[in-house]
Amino acid sequence: MYRKRLIILLLFIFSFNLYGQDTICVNQTLQHKIDSKHLDETRAYWVSLPLHYTDTLSYPVIYVFDAEWRFDLIRHISFDLGANKKIQNAIVVGIPHVEMENKRGQDLTFSQSRIEYDGEAVDSTWYNTSNSGSGMNFYHYLVEELIPDVNKNYSTNQHETLIGHSYGGYFGAYLLSLEHPFEVIHIYDPSIWYSNGEVVKRFNAIDYNQQTKIHLTYQPVPAFHKEKIEEFKKALEGNQYIELTSDLYKDDTHNSLFLDSFYKGIMKTNQK
């Protein structure tokens with residue numbers, strides 16, 4: 001009986017590949033590398049394709065920071081939701097940060113903060129060039145090297161979503177003061193406290209006029225962290241070009257809100 005079922009399954013998979021040209025029927029991870037001139041090193045990125053991917057169609061792309069932690073979670077949820085026609089079928093691109101202790105901080109921050117998430121002042125031993133402040137280099141890598149490489153290798157439609165949590169959320173928020181290609185930005189419990197709310201000051205200093213969907217989530221601890229996020233939220237709400245959805249997770253932690261944030265956010269911003 002087991003062998004019979006296995007043969008039927010194999011015939012089913014074979015028939016999918018036979019009659020569905022360029023079709024991929026399994027949720028696999030494809031790996032690429034870029035020799036980055038902006039980062040002066042080789043960086044990898046990971047790709048997951050939707051069910052029945054074919055280069056005769058074009059697809060939106062979901063870019064995921066902190067791929068070491070988040071890529072597998074997001075690619076599986078996106079694959080399932082797309083296959084069941086709950087969201088648009090999408091290519092998911094995971095962006096790893098090489099080393100999470102220092103490289104991640106360099107990638108995702110644009111300055112060296114002199115304040116901590118609880119509002120406490122800190123000195124240069126906390127944030128310095130070894131662990132922070134190279135965000136502009138990473139920004140150029142993202143928009144000038146990574147995204148063009150994805151578009152070259154896959155059939156994309158230039159509808160791009162960015163998923164950022166914590167420092168990644170701060171980076172996504174900072175992007176609003178720069179030229180960026182994203183129609184959708186998810187910002188989960190972002191480090192808006194960083195450099196005493198520099199993101200908010202930059203956003204308030206510009207005339208933002210790019211249609212953008214933003215899904216913002218956060219939790220209330222510590223109070224300084226929450227206050228800075230709500231200051232940012234108020235600035236977003238006052239902009240006619242931003243379609244904002246947001247959730248306050250009163251009973252969650254900095255990390256535990258991620259799963260629900262993504263599920264609810266992608267259903268709101270990337271529906272079929």
Side-chain angles (χ1 to χ4, degrees), residues 29 31-48 61-75 92-117 122 124-151 160-182 184-199 202-203 214 216 225 228 232 254-255 258 261-262:
T29 297
Q31 299 199 23
H32 296 266
K33 290 184 178 180
I34 296 175
D35 293 323
S36 171
K37 66 179 182 180
H38 292 294
L39 300 178
D40 195 27
E41 62 186 359
T42 300
R43 286 292 185 102
Y45 69 89
W46 308 332
V47 175
S48 176
V61 185
I62 300 171
Y63 290 90
V64 184
F65 288 149
D66 295 324
E68 294 93 336
W69 297 341
R70 306 302 187 185
F71 176 68
D72 280 343
L73 175 69
I74 286 181
R75 76 182 180 93
V92 178
V93 175
I95 307 173
H97 298 284
V98 181
E99 186 270 316
M100 299 302 286
E101 185 68 25
N102 294 312
K103 278 281 193 180
R104 176 177 179 266
Q106 289 178 338
D107 286 348
L108 296 178
T109 64
F110 290 82
S111 62
Q112 279 93 46
S113 183
R114 291 296 174 260
I115 198 165
E116 259 292 84
Y117 65 95
V122 296
S124 60
T125 62
W126 287 63
Y127 300 101
N128 51 62
T129 55
S130 72
N131 61 18
S132 56
S134 297
M136 193 58 70
N137 292 336
F138 187 74
Y139 160 76
H140 286 296
Y141 162 71
L142 176 66
V143 301
E144 297 173 20
E145 297 178 325
L146 175 57
I147 292 176
D149 201 64
V150 171
N151 292 337
E160 282 133 355
T161 296
L162 180 66
I163 310 295
H165 170 245
S166 192
Y167 276 176
Y170 153 92
F171 188 99
Y174 198 103
L175 278 180
L176 298 176
S177 63
L178 303 170
E179 290 187 15
H180 70 84
F182 298 102
V184 178
I185 303 177
H186 286 208
I187 299 173
Y188 307 155
D189 212 33
S191 303
I192 304 299
W193 56 265
Y194 195 87
S195 286
N196 201 21
E198 67 179 351
V199 160
R202 288 180 61 90
F203 183 77
I214 295 179
L216 172 67
H225 163 79
K228 288 300 181 184
F232 177 57
H254 179 62
N255 286 309
F258 186 96
S261 295
F262 177 70

Inset, instruction - Find the distance between CD (Glu101) and OG (Ser130) and round it off to the nearest 0.5 Å. - result: 9.5 Å
Legend entry - Short side-chain to backbone donor-acceptor contact, Thr109 and Gln106, under 3.5 Å: no
Inset, instruction - Run through Arg43, His140, Glu145, Glu41 and flag the one making a side-chain hydrogen bond (donor to acceptor under 3.5 Å, both in side chains) with Ser36. - result: Glu145
Legend entry - Min side-chain heavy-atom separation Pro181-Ile147 under 4.5 Å: yes
Inset, instruction - Check whether any side-chain heavy atom of Leu176 sits under 4.5 Å from a side-chain heavy atom of Ile185, and report yes or no. - result: yes
Legend entry - Side chain Asn131, main chain Asn128, donor-acceptor under 3.5 Å: yes
Inset, instruction - Could you grab the distance from atom NZ of Lys37 to atom CG of Asn137, nearest 0.5 Å is fine? - result: 12.0 Å
Legend entry - Face-on cation placement of Arg70 at Phe258 ring, 6.0 Å and 45° thresholds: yes
Legend entry - Side-chain heavy-atom pair Val61, Thr161 within 4.5 angstrom cut-off: no
Inset, instruction - Dump the intermediate steps for side-chain contact (heavy atoms from CB on, under 4.5 Å) on Val199 and Lys228, then the final yes or no. - result: CA-CA 10 Å; Val199 160; Lys228 288 300 181 184; over 6 Å; no
Legend entry - Leu146 and Ile95: CA distance, side-chain angles, deciding distance, side-chain contact (heavy atoms from CB on, under 4.5 Å) verdict: CA-CA 9 Å; Leu146 175 57; Ile95 307 173; 3.5 Å; yes
Inset, instruction - For Ser166 and Gly168, indicate whether the former's side chain and the latter's backbone hold a donor-acceptor pair under 3.5 Å. - result: no
Inset, instruction - Look at the rings of Phe182 and Tyr63 and say which category their plane angle falls in: under 30° parallel, 30 to 60° tilted, over 60° perpendicular. - result: perpendicular
Inset, instruction - Check whether any side-chain heavy atom of Ile74 lies under 4.5 Å from a side-chain heavy atom of Phe262, and answer yes or no. - result: yes
Inset, instruction - Start with the C-alpha gap between Tyr194 and Tyr167, add the side-chain angles, then the distance that decides, and say whether ring-ring contact (aromatic ring centres under 6.0 Å, His included) holds. - result: CA-CA 9 Å; Tyr194 195 87; Tyr167 276 176; 5.8 Å; yes
Legend entry - salt_bridge(Asp149, Lys33) N-O dist < 4.0 Å: no
Inset, instruction - Starting from the C-alpha separation in whole Å, work towards a yes-or-no answer on side-chain contact (heavy atoms from CB on, under 4.5 Å) for Ser261 and Tyr188. - result: CA-CA 7 Å; Ser261 295; Tyr188 307 155; 3.6 Å; yes
Legend entry - Candidate pair Phe110 and Phe171, rule ring-ring contact (aromatic ring centres under 6.0 Å, His included), full reasoning: CA-CA 8 Å; Phe110 290 82; Phe171 188 99; 5.1 Å; yes
Inset, instruction - Show your working on side-chain hydrogen bond (donor to acceptor under 3.5 Å, both in side chains) between Arg114 and Tyr127 and close with a plain yes or no. - result: CA-CA 7 Å; Arg114 291 296 174 260; Tyr127 300 101; over 6 Å; no
Legend entry - Interatomic spacing from CD1 in Ile192 to CD1 in Ile187 - rounded to 0.5 Å: 6.5 Å
Inset, instruction - For residues His186 and Leu216, determine if any side-chain heavy atom of one lies less than 4.5 Å from a side-chain heavy atom of the other. - result: no
Legend entry - Ring centers of His225, Tyr117 separated by less than 6.0 Å: no
Inset, instruction - Keeping the roles fixed (side chain from Glu160, backbone from Val184), state whether a donor-acceptor pair exists under 3.5 Å. - result: no
Inset, instruction - Examine the side chains of Ser48 and Thr29 and answer whether a donor and an acceptor come within less than 3.5 Å of each other. - result: no
Legend entry - Closest contact, heavy atoms only, Ile115 versus Val122: N-CG2, 3.7 Å
Legend entry - Distance in Å, Lys103 NZ paired with Met100 CE, rounded so as to fall on 0.5 Å steps: 13.0 Å
Inset, instruction - Locate the shortest heavy-atom distance separating Gly169 from Pro190; write the atom from each residue and the value. - result: C-CB, 3.6 Å
Inset, instruction - Evaluate the criterion side-chain contact (heavy atoms from CB on, under 4.5 Å) for residue pair Val64 and Val92; output intermediate values, then yes/no. - result: CA-CA 7 Å; Val64 184; Val92 178; 3.9 Å; yes
Legend entry - For the student: nearest non-hydrogen atoms of Ser195 and Ser111, plus distance: OG-OG, 2.6 Å
Inset, instruction - Supply the atom-to-atom distance His180 NE2 to Tyr174 OH, rounded to the nearest 0.5 angstrom. - result: 13.5 Å
Inset, instruction - Give, for atom CH2 of Trp46 and atom CD of Gln31, the distance between the pair rounded to the nearest 0.5 Å. - result: 7.0 Å
Legend entry - Taking every non-hydrogen atom, the tightest pair across Leu142 and Phe65: CD2-CZ, 4.3 Å
Inset, instruction - Could you tell me whether the side chains of Thr42 and Asp35 share a donor-acceptor contact shorter than 3.5 Å? - result: yes
Inset, instruction - Determine, step by step, whether His165 and His254 satisfy the ring-ring contact (aromatic ring centres under 6.0 Å, His included) criterion, reporting the C-alpha distance in whole Å, the side-chain angles of both residues, the deciding distance to 0.1 Å, and the verdict. - result: CA-CA 9 Å; His165 170 245; His254 179 62; 4.5 Å; yes
Inset, instruction - Say whether Glu68 and His97, considering side chains only, have a donor N or O and an acceptor N or O under 3.5 Å apart. - result: no
Legend entry - Side chain proximity check, Tyr170 to Leu108, heavy atoms < 4.5 angstrom: no
Inset, instruction - Answer yes when Arg75 and Asp72 have at least one side-chain N-carboxylate O distance shorter than 4.0 Å, and no when they do not. - result: yes
Inset, instruction - Determine whether Ile34 and Tyr141 make a side-chain contact, defined as any pair of heavy atoms from C-beta on separated by less than 4.5 Å. - result: yes
